[in-house]
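Remarks on the structure that follows.
Side-chain atoms are counted along with the backbone in the values below, which use heavy atoms only and exclude waters and symmetry mates.
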Amino acid sequence: MLIGLYEGGVWKIRVELPDAYPYKSPSIRFVNKIFHPNVDETSGSVCLDVINQSWSPMFDLLNIFEVFLPQLLLYPNPSDPLNGDAASLMMKDRKQYDQKVKEFCERYAKKENITKGTADEETDDDEDVTDDETGSSDDEIAGHADP
């Protein structure tokens with residue numbers, strides 16, 4: 001699955017399910033940094049209409065990881081930004097934008113950086129459950145689905 005400029009990057013994604021899930025959309029955010037017009041650079045929150053505005057109980061987490069997030073990476077929308085700097089750069093100087101995306105991928109989205117770098121960033125330890133206990137993971141990687 002191609003994800004354009006972000007190809008080869010590895011991101012830790014945090015998914016928070018509301019009590020009313022699946023009738024209310026989950027909260028999705030990137031834990032490690034990504035330079036993208038529709039992702040808040042500070043919080044990692046994702047601005048994606050299908051999640052934030054037109055969510056349906058028919059969607060599930062598989063849709064998010066196999067369709068919505070890869071589409072977000074392939075087709076950024078600079079006209080509805082959470083990261084104004086990324087949106088502005090994308091519209092004004094695409095070559096420089098592409099270079100900055102690649103720099104962020106190199107610096108923040110390497111597999112070896114995920115395991116050592118994100119532990120310090122997470123301060124929400126009240127619901128700290130290991131993958132072994134739940135049988136699931138919040139370490140899904142956008143664009144890399146297992147066959």
Val31 and Trp11: CA distance, side-chain angles, deciding distance, side chain to side chain contact (heavy atoms under 4.5 Å, CB included) verdict: CA-CA 7 Å; Val31 175; Trp11 288 272; over 6 Å; no
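- Atom OG of Ser27 and atom CZ of Arg29 lie 8.0 Å apart (nearest 0.5 Å).
- Classification of Asp98 and Arg94 as a salt-bridged pair holds, one side-chain N sitting under 4.0 Å from a carboxylate O.
- By the rule that hydrophobic residues join a cluster once side-chain heavy atoms approach within less than 4.5 Å of another member, Val15 and Val67 end up as members of one cluster.
- Partners of Asn63 according to the side-chain hydrogen bond (donor to acceptor under 3.5 Å, both in side chains) rule, which considers only residues two or more places apart in sequence or in another chain, do not exist here.
- Under a hydrophobic-cluster definition in which Ile, Leu, Val, Met, Phe, Trp and Tyr are linked whenever side-chain heavy atoms come within less than 4.5 Å, directly or via other members, Leu5 and Phe68 are assigned to the same cluster.
- Note on Ile28: it clusters hydrophobically with Leu48, by side-chain heavy-atom contacts below 4.5 Å among ILVMFWY residues.
- Remark: Lys24 pairs with Pro18, Ala20 by the side-chain contact (heavy atoms from CB on, under 4.5 Å) rule, at least two apart or across chains.
- Residue pairs meeting the side chain to side chain donor-acceptor pair (under 3.5 Å) criterion with at least one partner in residues 44-56, sequence neighbours excluded, are Ser43-Ser45.
- Checked against side-chain hydrogen bond (donor to acceptor under 3.5 Å, both in side chains), Asp85 has no partners two or more places apart in sequence or in another chain.
- When every heavy atom of Val39 is checked against every heavy atom of Gly44, the shortest pair comes out as CG1-O, 3.5 Å.
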Could you check Phe30 against Ile13 for side chain to side chain contact (heavy atoms under 4.5 Å, CB included), going step by step and ending with a plain yes or no? CA-CA 5 Å; Phe30 286 83; Ile13 304 294; 3.4 Å; yes
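- Evaluation of the side-chain contact (heavy atoms from CB on, under 4.5 Å) rule for Leu62 yields Asp60, Glu66 as partners, not counting sequence neighbours.
- Both Val46 and Leu73 belong to a single network of hydrophobic side chains, linked directly or stepwise wherever heavy atoms of I, L, V, M, F, W or Y lie under 4.5 Å apart.
- Judged as a side-chain contact (heavy atoms from CB on, under 4.5 Å), and not counting sequence neighbours, the contacts of Gln96 are Leu89, Asp93.
- Using a distance-only test at 3.5 Å, with no hydrogens or angles considered, a donor-acceptor pair links the side chain of Ser25 to the main chain of Ile51.
- In this structure, His36 and Tyr6 approach most closely via the heavy-atom pair CD2-OH, 3.2 Å.
- Judged as a salt bridge (Lys or Arg N to Asp or Glu O under 4.0 Å), and not counting sequence neighbours, Glu103 has no contacts.
- Taking CZ of Arg107 as the reference point, atom NZ of Lys100 lies at 10.0 Å (rounded to 0.5 Å).
- A donor-acceptor pair under 3.5 Å is absent between the side-chain atoms of Asn83 and the main chain of Ile34, judged by distance alone.
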Which side-chain N or O atoms in residues 74-81 pair as donor and acceptor under 3.5 Å with protein atoms at least two apart or in another chain?
{"unit_1": "Asn77", "atom_1": "OD1", "unit_2": "Ser79", "atom_2": "N", "d": "3.1"}
{"unit_1": "Asn77", "atom_1": "OD1", "unit_2": "Ser79", "atom_2": "OG", "d": "2.6"}

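- For the atom pair CG of Asn32 and NZ of Lys110, the computed distance is 13.0 Å after rounding to the nearest 0.5 Å.
- A search for ring-ring contact (aromatic ring centres under 6.0 Å, His included) contacts involving Phe104 returns Phe35, Tyr108, not counting sequence neighbours.
- Hydrophobic cluster membership is shared by Leu69 and Tyr21, with clusters built from Ile, Leu, Val, Met, Phe, Trp and Tyr side chains linked at under 4.5 angstrom.
- Taking both residues in full, the closest heavy atoms of Pro37 and Tyr97 are given as CD-OH, 3.3 Å, listed atom of the first, atom of the second, then distance.
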